[in-house]
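Please read the structure below before turning to the comments.
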Amino acid sequence: MEIEKIDDNIYEVPIGYRPGMRVPGRIFVSAALREMVEPGTVDQVANVATLPGIVGHSMAMPDAHLGYGFPIGGVAAFKEQGGIISPGGVGFDINCGVRLLRSDLQARDVQPLINTLLDALFQAVPSGLGSTGRLHATDRQLTESFLRGAEWAVEEGYGVESDLDFCEENGSMPGADPSQVGVKARKRGRPQLGTLGSGNHFLEIQRVEEIYNPEIAKRFGLFKGQITVMIHCGSRGAGHQICTDHLDVLSKAVRKYNIDIPDKQLACAPLGTPEADHYFGAMVCAANYAWANRHIIAHWTREVFDRYFPGSQLQLLYDVAHNVAKIEEHRVEGKKERLYVHRKGATRAFGPSRTEIPAAYEGLGQPVLIPGSMGTASYVLCGQDKALDLTFGSACHGSGRVMSRSQALRQFTGKEVKAALNRDGIAVRSTSPGMLAEEAPQVYKPSGDVVDVVHNLGIATRVARLVPLGVSKG
DNA sequence: ATGTAC
């Protein structure tokens, strides 16, 4: 059975596409991007549609690609009564997310110092595979980060109280249960608090290249030629281990509660069971850890900027989570209901009618931060109420890979990737040349095309485009 | 994404 175009940028996976689908699937792509969605990703959208208690549609954002069980770029919401929770719908890097700091500096004043600045940031913020921090958190501090996330980080002197207003969930999600975090996850997570990690995670110095919506840009504090800093990272080994450990528990729960799943990777538990509660409690720990992590990294970034540009300001514009399950109220068939919304490689994009958006952005909607791949533009958008009707208030999270890591390694070398970026005027620091090859700009879809879909659907409005000047990676 | 293997 074929998927069907039902509107511009909307394709439907009909209920008959595979047995057991409870709702149709929806893939939000342009005709051009449709060609880039592999058949396996469509199958995953259909698989998710078979899970108990799913409401609306099993959805894939324009940057969707194959993931563990659920597609990356997947959004699925489940009823509190009769629904499930699944680690595959959240991802291994729990609360991987993006934070944007806006400065009061002009690019022309920063450009001459870019290499010095980047060296200092590379040193101040530990990065790389298995990197450990400057922080040396104690066991007790680790628990506090699980329980209170960025709120705890502020108490420890990282960032300021007002930063919390500009984080999703104020940087601290309720419901953490540290007793459900195993010894191994704690052991991996403790030394990694305050580290960037590897892969597509980065810290980037950017310039505001274009303003699309002057009114919203002004309210977000953005202007052309401005320096911004974007931080993309998550919960490191802690979140990964929590996901691994609970997948094991939930695979057994699938048998225990007799859930019929078309793919073992969709391991899940019915909401209200101990297994579901335990995963949720542990997932919140990792989510809070990630907010603390980004808070600490932002603090060190501010220290470096203060060293080279004394008195300069780096204000937090916003911090979004793009790998998390959340309890949210949504209108389902005209009635308000509490749902477990899974966003995996998908960003929340709440519009002005939601109370969750920061008071400073009242009447606008939340900032939606879409990082580009290394060397390509990132975007700031503003969530719209239409997203509530179409996607439970969700948008894409990035550009999405078009080539595997191994394929990239066969095709590029780190040295040539770095040289090409330098030719484009982008400075790069990295702990591993191989990683630069795996993250070459060519292995990702063009982020602008993905953003166009979201903008044209009315899910989120384009506000500004940011281009990289210098990037620090694992 | 990730101590890329229990």
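Residue numbers begin at 1 in each chain, while the letters A, B, ... track the order of the sequences.
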Problem - Chi angles and distances behind the ring-ring contact (aromatic ring centres under 6.0 Å, His included) call for His322(A), His232(A) - result: CA-CA 10 Å; His322(A) 58 219; His232(A) 178 204; 5.2 Å; yes
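As rounded to whole Å, 16 Å separates atom P of dT4(B) from atom NE2 of His201(A). Following rounding to the nearest Å, Arg405(A) (CZ) and dT2(B) (P) show an atom-to-atom distance of 9 Å. Following rounding to the nearest Å, Lys184(A) (NZ) and dA5(B) (C1') show an atom-to-atom distance of 11 Å. Taking atom CG of residue Asp248(A) and atom P of nucleotide dC6(B), one finds them 12 Å apart after rounding to whole Å. As a whole-Å value, the separation of Tyr68(A) OH from dT4(B) P is 17 Å. Put simply, CD on Glu439(A) is 17 Å from P on dT4(B), counting in whole angstrom units. The distance between atom CD of Gln241(A) and atom C1' of dA5(B), rounded to the nearest whole Å, is 13 Å. When the P atom of dT4(B) is taken as reference, atom CE of Met435(A) falls 16 Å away, rounded to whole Å.
Between the side chains of Ser179(A) and Asp177(A), at least one donor N or O lies within less than 3.5 Å of an accepting N or O.
With Glu438(A) as reference, Arg405(A) is the one residue of Gln407(A), Arg405(A), Met374(A) to meet the side chain to side chain contact (heavy atoms under 4.5 Å, CB included) rule.
No contact: Thr244(A) has no heavy atom under 4.0 Å from any strand. Using a 4.0 Å heavy-atom cutoff across all strands shown, Gln192(A) reaches sugar-phosphate atoms only and no base atom.
The residue among Leu129(A) and His232(A) whose nearest nucleotide of DNA chain B is located toward the 5' end is His232(A).
Ring pair Phe146(A)/Tyr289(A) is tilted by interplanar angle, where 30° to 60° counts as tilted.
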